[in-house]
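What follows is one structure encoded as structure tokens, with my remarks underneath.
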Amino acid sequence: MNRLVKSALLAGAAWGALSTMAVAQDAAPQEEAAGLDDVIVTARRTSESLQRTPLAVTAFSGETLEQRGAMQTTDLQGAVPNLNIVQGRGSSNSTNIYIRGVGQPDALQTFDPAVGVYVDDVYYSRIRGTQFDLLDLERIEILRGPQGTLYGKNTIGGAMKLVSRRPGQEFRARGSVAYGDYDLMEFQGAVSGPITDSLAFGLSAIHSERGGYVTDPATGAEYNDKNSTAFRAALAWDPTSNISVDLSADYSNDDAGMNVGQATNSLTYLGAYAVAYPVPAVLPEYNFQTRTTPGLPNETRLESWGTALRVNWQLSDSLSLKSITSYRELSTDDYIDFDATELEIADALVAVDQNQASQELQLTYESGPFTAVGGLYYLKEEVSSHQESYNDALLGPLYGNPTFLRLIDDSLETTSKAAYANLTWQATDALRLSAGVRYTDETKDYARTTSVISSYSLVVGGVPIFPLNTTYAFSPPEGSYDDTSVMLSADYQLSPDVMAYARFSQGFKSGGFNGRANSATEATEYQPETADSYEVGVKVQGWDNRFRMNVAAFSMTYDNFQARVSGVETPPGGGVPTPVLSVLNAGGLDLMGFEIETTLNPIHNLTLDAQIGRLDAKYSEFADARFPAGSRAFQDPAFSPEWTARYGAQYVFDLDGGSNITFGGAARFRSRMALAVDNTLITPAGVGTATELPGMYQDSYWLYDARVVWNDASGRFSIGAYGQNLSDEVYKTDAQEFSSIGSIRTAYYGAPQTWMVKLTARY
């Protein structure tokens, strides 16, 4: 609690400093400023002002995203305090999202996300397929902290909501074309308008491609590129004044090359631990050149489609019913070079077919001092996977360089049911009290078959470790998990421009089965995660609505943390250590910190903004018998930098004739952070140490972005130039740790300096 108090004091100090700045600005003569737009969000499943929503939420309108040159969800990195959102490791189509130190970076089909992703209130149950291009959006909302009482499964860390623009009775059209370095080309268009007085239609499409910024110096092959196409069609029907029906369908195809990283340490042969691929102890700065295995297809293909039907029925002046029905399918073929070298130590094909059907019924009551939201939720998901692991260089010359292929086929069926209710009471003109509860019941049915095809049978102590041409099957009893989560909050309007709130919320993430097991003994079940979160905050606006500041301080206890760990086990009596890939309910995390978001419009056409996050993340316990005293709680939790910050400025120069030019820029900071759960050395004998692995860390860094945009007098045409990472910083975004298999530790990097020119037309 002392750390929480300290965080709150630091937040207050920062708030006071910025408030003083605002007062100082107010004391000087100013040109008339237009003020800041009010932002309406649906974070609590009813529409309300962002400044009256008693939780930490950040919202971006479609216009704001366009002004900043954002092209996909990962472009929000740095714009939200304590948010980590980057392209997933080893895949062009998955997204690694952490909020306040809570997330799930692994795209394997048996791992559930910890941050819920919603598109028009439809939950996406995999982190694959969430690398969205930003297509005709009304807004994006980022909700921080557990959201379990109002949202679907697995929102223990928070939620990201994408809200599409609804077709209306006014004709609207927009198109853009962009060109940039690395042969970037993007074409985007959207059109919507009336068909009849009660029916409107919308269609939007995008094609975006870019050459790779990682190359193979021997072959010239390009990696880390982009090649995506997406379509969305929507019908909006208002047959009566109290009924609205929205039907949408979408399709996307991502056909990019592999996402390739850098080997950060010397790779070894399995068993002997002789060096197979030497890497310097001190790595030179990465030059975006990486060798890959000859013959491995340069492909990470994903195809997805879905449809959703939303019906809103205003039953009376105070009562409304909403139905959300959805079906989605996804298929992917990802080729991954885990070791990031020309050796076939650990290369793989991961082919996944997934479908999900969901139904939600939601009843909303608003009358007098009471607002109530209640509902029922159902999700049925089926995932099947075929994996091929190519490891011909893994055993090495000690065993005669044998061939080694591992085949895996597994299936997972998940059924999730939930009931929830949330009540808000306007107790006085200034005081609101809210309470919510959600009951979740989930079952998971898992089956797995693994085959090893090898020209050599590795035997340790008379026990075959990789037997010649063998198969084992694993079909555990059905996993069953249930949870009751609650939320309590109170907010008080201290003045028309100042609101304070306090909130307690609980979160839940389901259990599951280890999808990387090498043997039946490793194919174990792990239990659910839970979280208790406390949050206090103040939301302020003033100075004729030209100043806005939102401050939140939080503390979270995170229990039964699901950790995918890599290691080795030595057989009793000695012998060759064998690889183990486990998922542990390792213990707990203590997370606390604060967040500041502020916007200032000191003079006409000038906007200043800042987003600051402070996070103190520590393991309260992390049981692992391989480490001294059986604990690795001393390690740094992954993707939990102590500080995140963004400082931005924008000025609009008015020109003769009514046109204008906007100059904008931002500086983004992220302090040192671990990029993998396993971030200290485990010796070849399988003993854990406190020696940090430099390749599994990223030091503190700054990124600088800028833009200049000309808008014509009518507002219909604009042309802009955008630059990202102007200082050409070389920085890691993610890492892959498989020390037990060839001592693999691979780092993945953010894009180097890039630029783009974009022409937009609107009607």
Side-chain angles (χ1 to χ4, degrees), residues 1-8 10 56 82 84 98-106 111-112 114-115 144-146 148 154-158 481 483 485-486 503-512 526-536 552-567 582-595 613-644 671-680 682 688-692 696-697 737:
M1 185 60 69
N2 289 336
R3 284 183 285 153
L4 177 60
V5 171
K6 181 179 177 182
S7 294
L10 289 171
N82 290 324
N84 184 81
Y98 269 67
I99 296 178
R100 294 177 174 174
V102 178
Q104 169 50 256
D106 203 316
F111 290 108
D112 289 337
V115 174
R144 303 192 291 280
N154 300 332
T155 54
I156 192 169
Y481 319 100
D483 175 77
S485 300
V486 301
R503 173 184 171 90
F504 169 75
S505 59
Q506 294 181 313
F508 165 79
K509 184 161 86 77
S510 182
Y526 49 88
Q527 297 304 307
E529 300 175 338
T530 59
D532 289 341
S533 174
Y534 300 85
E535 179 177 311
V536 295
F554 62 89
S555 175
M556 184 188 303
T557 302
Y558 193 66
D559 290 324
N560 248 8
F561 167 61
Q562 298 165 1
R564 195 277 291 164
V565 298
S566 174
S582 304
V583 180
L584 307 175
N585 286 113
L589 276 165
D590 288 334
L591 305 154
M592 54 185 60
F594 66 82
E595 295 149 352
R614 166 65 156 79
L615 177 62
D616 183 4
K618 294 182 178 179
Y619 292 115
S620 58
E621 57 178 319
F622 195 151
D624 191 330
R626 297 171 298 171
F627 282 76
S631 174
R632 55 196 293 186
F634 61 86
Q635 288 185 330
D636 296 314
F639 304 104
S640 300
E642 183 178 2
W643 291 98
T644 57
S671 61
R672 186 175 187 265
M673 67 175 176
L675 300 171
V677 172
D678 286 317
N679 50 59
T680 64
I682 298 177
T689 74
T691 303
E692 289 187 354
M696 301 295 99
Y697 278 84
E737 203 285 335

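Excluded from the calculations below are hydrogen atoms, water molecules and symmetry mates; all remaining heavy atoms, backbone and side chain alike, are included. This is a predicted model, so every value here is computed, not measured.
Taking all atoms of both residues into account, the shortest heavy-atom contact from Asp112 to Ser510 is OD2-CB, 3.9 Å. Pro628 and Gly688 make their closest contact through CD-O, 3.4 Å (heavy atoms, listed as atom of the first residue, atom of the second, distance). Scanning both residues, Asn82 and Glu595, for their nearest heavy atoms gives ND2-OE2, 3.0 Å. Minimum interatomic distance between Ala586 and Ala563 (heavy atoms only, all atoms of both residues): CB-CB, 4.1 Å. Across all non-hydrogen atoms, the minimal contact from Ile682 to Arg626 is CD1-NH1, 3.6 Å. Contact detail for Leu591 and Gly101: the closest heavy-atom pair is CD2-CA, 4.3 Å.
Atom CE of Met556 and atom OG of Ser533 lie 4.0 Å apart (nearest 0.5 Å). Between the CG atom in Asn84 and the CG atom in Leu675 there is a gap of 8.5 Å [rounded to 0.5 Å].
Side-chain atoms of Tyr619 and Phe561, non-hydrogen and from C-beta on, do get closer than 4.5 Å to each other. Counting only heavy atoms from C-beta outward, the side chains of Arg632 and Asp678 approach each other to under 4.5 Å. No side-chain heavy atom of Tyr526 sits less than 4.5 Å from a side-chain heavy atom of Leu584. At a threshold of 4.5 Å between non-hydrogen side-chain atoms, the residues Met673 and Tyr697 do not count as touching. Ile156 places a side-chain heavy atom less than 4.5 Å from the side chain of Tyr558. Taking 4.5 Å as the limit, some side-chain heavy atom of Phe111 sits within range of a side-chain heavy atom of Val583. Taking the side chain as every heavy atom from C-beta outward, Asp483 and Thr530 approach each other to under 4.5 Å. With contacts defined as side-chain heavy-atom distances shorter than 4.5 Å, the pair Phe627/Phe634 qualifies.
Checking Asn585 against Gln527 by side-chain atom types alone, no donor-acceptor pair falls below 3.5 Å. A donor-acceptor pair shorter than 3.5 Å cannot be found between the side chains of Thr680 and Glu692. Donor-acceptor pairing under 3.5 Å is lacking for the side chains of Asp559 and Thr557.
For Phe639, the ring-ring contact (aromatic ring centres under 6.0 Å, His included) test picks out Tyr98, with sequence neighbours left out. Every side chain to side chain contact (heavy atoms under 4.5 Å, CB included) that Ser620 has, sequence neighbours left out, goes to Asp590. Evaluation of the ring-ring contact (aromatic ring centres under 6.0 Å, His included) rule for Tyr481 yields no partner, not counting sequence neighbours. Partners of Glu535 according to the side-chain hydrogen bond (donor to acceptor under 3.5 Å, both in side chains) rule, which considers only residues two or more places apart in sequence or in another chain, are Arg100, Tyr501. By the ring-ring contact (aromatic ring centres under 6.0 Å, His included) test, Phe508 is found to be paired with no residue, residues two or more places apart in sequence or in another chain being considered. Contacts of Ser671 classified as side chain to side chain contact (heavy atoms under 4.5 Å, CB included), with partners at least two apart in sequence or in another chain: Pro641, Glu642, Trp643, Phe669, Ser700.
Between the side chain of Thr691 and the backbone N or O of Thr689 there is no donor-acceptor pair closer than 3.5 Å.
Using a 4.0 Å cut-off between a side-chain N of Lys or Arg and a carboxylate O of Asp or Glu, Asp636 and Lys618 do not qualify as a salt bridge.
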